[in-house]
Structure formats: C-alpha cells, structure tokens
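In what follows, chains carry the letters A, B, and so on, assigned in the order in which the sequence lines appear, proteins first and then strands, with residues in each chain numbered from 1. Quick caveat, the model's predicted, so the values are computed rather than measured.
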Amino acid sequence: MEDKPANNFLQAIIARDLANGTVQEVVTRFPPEPNGYLHVGHAKSISVNFGLAEANGGRCHLRFDDTNPEKESQEFIDAIQEDIRWLGFQWHGEPRFASAYFQQLYEWAEYLVQQGDAYVCDLSADEAREYRGTLTEPGRNSPFRDRSIEENLALLRGMRANQFAEGEKVLRARIDMASPNMNMRDPILYRIRKVTHHQTGNEWVIYPTYDFAHGQEDAIEGITHSICTLEFEDHRPLYDWFIEHLPVQSRPRQFEFGRLNPSYTVTSKRKLKQLVDEGHVAGWDDPRMPTISGMRRRGYTPRAIRRFCEMIGTTRSDGVVDVAMLEFAIREDLNENAARAMCVLNPLKVVLTNYPDTAEVFTVSNHPSREDLGERDLPFTREIYIDADDFREEANKKYKRLVLGKRVRLRHAYVIEADEAIKNAAGELVEVRARVIEGTVGENPADGIKPKGVIQWVSASEGRTAIVRLYDRLFIDEAPDKGDKDFLEHINPDSLITVETAWIEPSLAEAVPEQGFQFEREGYFVADRRDHSPQVPVFNKTIGLRDSWSESA
RNA sequence: UGGGGUGUCGCCAAGCGGCAAGGCACCGGGUUUUGAUCCCGGCAUUCGCAGGUUCGAAUCCUGCCACCCCAGCCA
C-alpha cells in the first residue's frame, strides 16, 4: 500500500519534476554517518526520505556517509540498520557506503587538479583559518594556490602514497577566497588521516571531506532529490560547483528542510553521547533517551513515531515542536491497540471480611472496544491490594475513590464498602477492612447506593510482583539544547523512579518483552526488551494517561 | 557592519490576489465499571511591523524589525 503523498513543499517539487519529465523516477537517500545512534530527529529525516520515495513510486537508498573513520564504527552501522528496519522502512538494495566510492572520488580529485580547479596546500590548520578571513572580511589566497598542475598532481599522489604527515598537506578547490559564502573560500577536499577505516582498512591515508563526497555520492547513485537539513543550505553552491566541474553521470539536486527540535529534549549527538558517557542515563537505549532505540525500549511504537512525523509536517521553518505532540501520538496508538491489565504501584492491603477464602475467577475483556484482543482470567480473593492513593479515611465530594464508610467499584469485580482502617503502633495505615456488596459484579448495588468511582486492584494471593520503572522527561527545561546553557543542569532528578514491588495481575506474568499494555488508570507500560522475564517481570512506563483531575484537591 | 534562511492562534501547520483549513495544547458540556477513551461546543475581525499597489492583500511591491545557520583538515 502506498501512502497518499504528504502535503509539503518537497512533494510539490517532486510532483512537478515528475510531471515535466525532469526526472523519470524519484530516488532519495538517507545518509547517516555511523558515528552515533539515530534519534527522533533522524526519524523525521527517514520518514521524509523514505516517505517521499514511497509515495511517488521511487526508491530510497541507505548510504553510510563514512568519510571520517576516526569517529565511526561497525557498532553504529548495525544499530542504524536495525533502527530503520524497526521503524518499518526498507531501503532499496544493499546498504551503500561512501567508502565504496573512495577510488572514484580520488580520480575526480585528480581530474580537478588537471583542470586547474584544485591544488595542494601546505598551510597548517591554524594558518588556513587565518587566511580564510572572517564573516565580514574576505580571505587571502594561500601562498600555495598557484602551484603548477604537474606539481599539484605529484603532491596529491604523494599524499595518497603516504609520503606526508597528518596535517602537513590538504587538497583544496580553487574557487574564491573572497566569497561571502565561507564554504566557497577554497574548501578542503582531502585531508590526511592515518587511521584504519572500518570498511576500507588501511587502504587509504587520505579521506574526502563531506563537501567533496556527498554530491558525488549522490551522482554515482543516481539520486534525484538529495534532501538534507537547513544548515546545509550554504553548502548548496559548493555542492553544485562540484557537480558542474566534474564528469559525473547524473545531476542530483539538493533541497533542505527544517530540522526537528522537540521541547524538553536534546538531540545533538555530542550531548547524547555525553549523557551516555557520563552515566546520566544507562546507555544509548535508555528509555529516557530520544534515540530510536531508547524510544523503542520506552514502549513507543513505529506506528506512533511515523504518525508523529506526519503530524509535524515538513517545512523550511525551524521551530520547537511540543513533545506533547509526540505523547499524543503514542497515546493514540496504544489506546487503540494495547491490551488493558491491572497493576498496583503503591500497594495497600484490603481484607474483604465477608468474603470466603475460596477464590472466584472472572473472565474479563482485554480492551473496552477491541473484542479481537480477547479475554483473560482474573482471580478475585478475600485479600487484595489497591493503590494507597485510592483510599482515604475521609475526603471531599470530588474524591471518587475508596473512603471509610463509603463505596467504590473494583474494576471488573465487586463494589466494596470500607469499614475500618488498621494502623500500626506508629499510627501508619497498614490495612483496610472492607466488605463486598453482594450481587454487584456487573450490576449496581440493589440498594441503589452507587459507588462514585472505579479503582484497580490485584489479588494478594494470586497476583505477582514486578519491578516497574516510572520514567518521566529527562529535562526540566523546555529548551535544554538552546544556546550555550549547560544542559546537564536541567536534568530532571525524578526522571526515573523504580518501584521494586508492584503487584500485577497473574496474566501479566505471561507478557513477552516489548509487549505494551495499558495499566488501567495508570498509563501505558511495556515489558522491558532486555530485563523482563516471567520470573522477574519488569515493566517500563511509556507514558501516563491523560489526567484532567488534579491531585491537589 | 558579509552571506544564506525563517516569520500565519501557546506549539506544529494549510493557504500562492477574493474575504484565515486541520492537528496538539487549553477551556466548557455529555456518555462511561479506566478521573482514560469517545462525543459535542469554544479557541486568530487577523497573518512580525510600517507604508504602497488593487474594487479587494496573509498572499504583489518597498522599507524596517526579530530569530536561526555559516569563520572544523566534523557531517
């Protein structure tokens, strides 16, 4: 099934190009550098690139832009592929690698030298910076700018043949040191890096820069629409310059869209890495991380993430998207698709004094409207646990839970009435004595006194215990990523609260890792992908239910 | 003070000369054995600002303002 085309400026461009024959088939690409894990911002880019290709009968390549081996690794290559597949996208053919084009790229570098369009420069990094000028002052020509073609060619070959030290020489394009666009001030094409590359081993000691590589990679693959984020806009003249000055086989064009900035989160790779390296989170897939793998472990679904990307649209304006939109997307999906179950996070024992020791088993539906989600057995016993927040000795009218002398409905079971609050020597509440009202399963009390509310419960003898991790947003600040502020100072100290002994109904012990549930009245939870087992159930809170009732009553 | 962008409701976002879609959030009200869901209703006389063109402008023109990106041998 093809999705209907999105309504955005990129789709409009593609539709026009297809209509007037500028392109026969749309070919896009998602080009991550394998130097980190994918995050929610990449999800948008993936959705844009794969989505546009899919909606227009084209194809999308996955290409690792591995031109800087120092920071890259196979671990990231594997993780990136897994994340894209998990999101539900399939790239065309095999994954591609920029490194597979190194020989071609090098030959084009020699071509440029031969055309007099590139030269080997001996300026040090510091000197080069000085020569480059500033935003408001033009740069100066490098003293090596006018070497002969022969000399340049010999030097470039020497660079490749490992005859120079790192930093000793670079290859630069001869464009215009006075250009108001810094990218055109004789940009660097090749630098010497004597490191082993994860794909090409020790075959190369010189590596192409992003600018010299990206457009040509696109041309090699026949990419028609090379879509990237706004910060590359200034690079487009250079992208086009290479395409025009090189004998490439096709003419890709670059288009830019605004990157995704969700509120209350950071998405810079540097900062995410810091969170991991300094132990502020448990790893790249910590459920609080905005990484794809983190969201996955948190219980987000591919469908919700894709829906979110659809919701936010694709434009050239860069703003901050309220995370509430992401939260809406996951609630919408889970409300529709997650089975319901009961879990008591803060247990308070309730003894039903008029109920026998023998258990009763109710068969209850797993979803209020999805019959196809089936039913389950729910044992009811004389002793149960309810949440301590659901009982008060006295309360005002607005409190719709259990109150001494009043009634409440136990979800899927009886209406009960509280008779007595038992306390320990310290005066702390330890137990509630209550009575079931006969004949109230599926019925209202015969005396006409209806309970005001419904609460969840778990059988004390038949239930099981579980570890439940309550996650909240990682940052308190709405824009921790903004400006130079120290984002670490805005970490939410309560972003993870672990409940070591929560009570879950027996059916939940059969949950399989990554299975999502709604724990009624609490929120959506998922069996942890790594730590959950039938012996020690572990659930992660994905997101709470919408709550229009303030606890401050 | 150079260059490149962006400015439509608290947030995202349609709109492309004919009289401001939609979603999120929020606020009411109804249904409800989840204070959830669902349903119904409200929510920009105004489109960064100021001029101008036009019968008519968010849409065209001029000027101004705000914010974002660029001075890695990162991508």
Could you check whether [X] pairs with [Y] (Lys NZ or Arg NE/NH1/NH2 to Asp/Glu carboxylate O, under 4.0 Å)?
| X | Y | result |
| --- | --- | --- |
| Arg132(A) | Asp186(A) | no |
| Asp17(A) | Arg253(A) | yes |
| Arg316(A) | Glu233(A) | yes |
| Glu33(A) | Lys71(A) | no |

How would you label the contact of [X] with the nucleic acid (heavy atoms, under 4.0 Å): base, sugar-phosphate, or nothing?
| X | value |
| --- | --- |
| Val415(A) | nothing |
| Arg521(A) | base |
| Gly442(A) | base |
| Val441(A) | base |
| Ser263(A) | nothing |

- Among the candidates G23(B), A25(B), G35(B), find the nucleotide nearest to the side-chain atoms of Met311(A).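 Closest of the options to the side chain of Met311(A): G23(B).
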For the rings on [X] and [Y], is their centre-to-centre separation under 6.0 Å?
| X | Y | value |
| --- | --- | --- |
| Tyr239(A) | Phe232(A) | no |
| Tyr414(A) | Phe380(A) | yes |
| Tyr37(A) | His42(A) | no |

What integer distance in Å separates [X]:[atom1] from [N]:[atom2]?
| X | N | atom1 | atom2 | result |
| --- | --- | --- | --- | --- |
| Arg370(A) | U37(B) | CZ | C1' | 14 Å |
| Lys44(A) | A13(B) | NZ | C1' | 11 Å |
| Phe308(A) | C11(B) | CZ | P | 16 Å |
| Asp322(A) | A13(B) | CG | P | 13 Å |
| Gln254(A) | G4(B) | CD | C1' | 12 Å |

- Assign each of Glu522(A) and Asn7(A) to its nearest nucleotide of RNA chain B by heavy atoms, then name whichever residue's nucleotide is nearer the 5' end.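 Of the two residues, Asn7(A) wins.
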- Message: Within 45 degrees of the ring normal and closer than 6.0 Å to the centroid, is that where the cationic atom of Arg193(A) sits relative to Tyr207(A)?
- Response: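 Judged by the rule (NZ or CZ under 6.0 Å from the ring centre, within 45° of its axis), Arg193(A) is not positioned above Tyr207(A).
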- Hey, does the Lys NZ or Arg CZ of Arg473(A) hover above the aromatic six-ring of Tyr264(A), less than 6.0 Å from the centre and inside 45° of the axis?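 Yes, cation above the ring, under 6.0 Å and within 45°.
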Provide the Watson-Crick or G-U wobble partner of [N], both distances under 3.5 Å; none if there is no partner.
| N | value |
| --- | --- |
| C26(B) | G42(B) |
| C67(B) | G5(B) |
| G56(B) | none |

- When only distance counts, do a donor and an acceptor, one from the side chain of Gln518(A) and one from the base of U34(B), lie under 3.5 Å apart?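 Flag set: donor-acceptor pair detected.
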- Message: Whether Arg401(A) contacts G35(B) is assessed here as follows: a side-chain N or O lying under 4.0 Å from the phosphate OP1 or OP2. Is that the case?
- Response: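 Indeed not, no polar side-chain atom of Arg401(A) lies that close.
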- Message: Check the phosphate of U6(B) against Thr315(A), side-chain N and O only, distance under 4.0 Å to OP1 or OP2. Yes or no?
- Response: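 Looking at the OP1 and OP2 atoms of U6(B), neither is under 4.0 Å from any side-chain N or O of Thr315(A).
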- Message: At under 4.0 Å between heavy atoms, how does the protein contact nucleotides 66-75 of chain B? Give one character per nucleotide, 5' to 3', with B, S or -.
- Response: --SBBBSBSB
- When you measure from every atom of RNA chain B, which of residues 325-340 of chain A have a heavy atom less than 4.0 Å away?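 Nucleic-acid contacts, sorted: Met325(A), Phe328(A), Asn335(A), Arg340(A).
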- Arg306(A)/Asp333(A) under salt bridge (charged side-chain N to carboxylate O under 4.0 Å, His left out): CA gap, chis, key distance, verdict: CA-CA 11 Å; Arg306(A) 292 172 68 154; Asp333(A) 182 17; over 6 Å; no
- Torsion-based syn/anti label for G72(B), 90° from 0 as limit: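 Syn for G72(B); the angle stays within 90° of 0.
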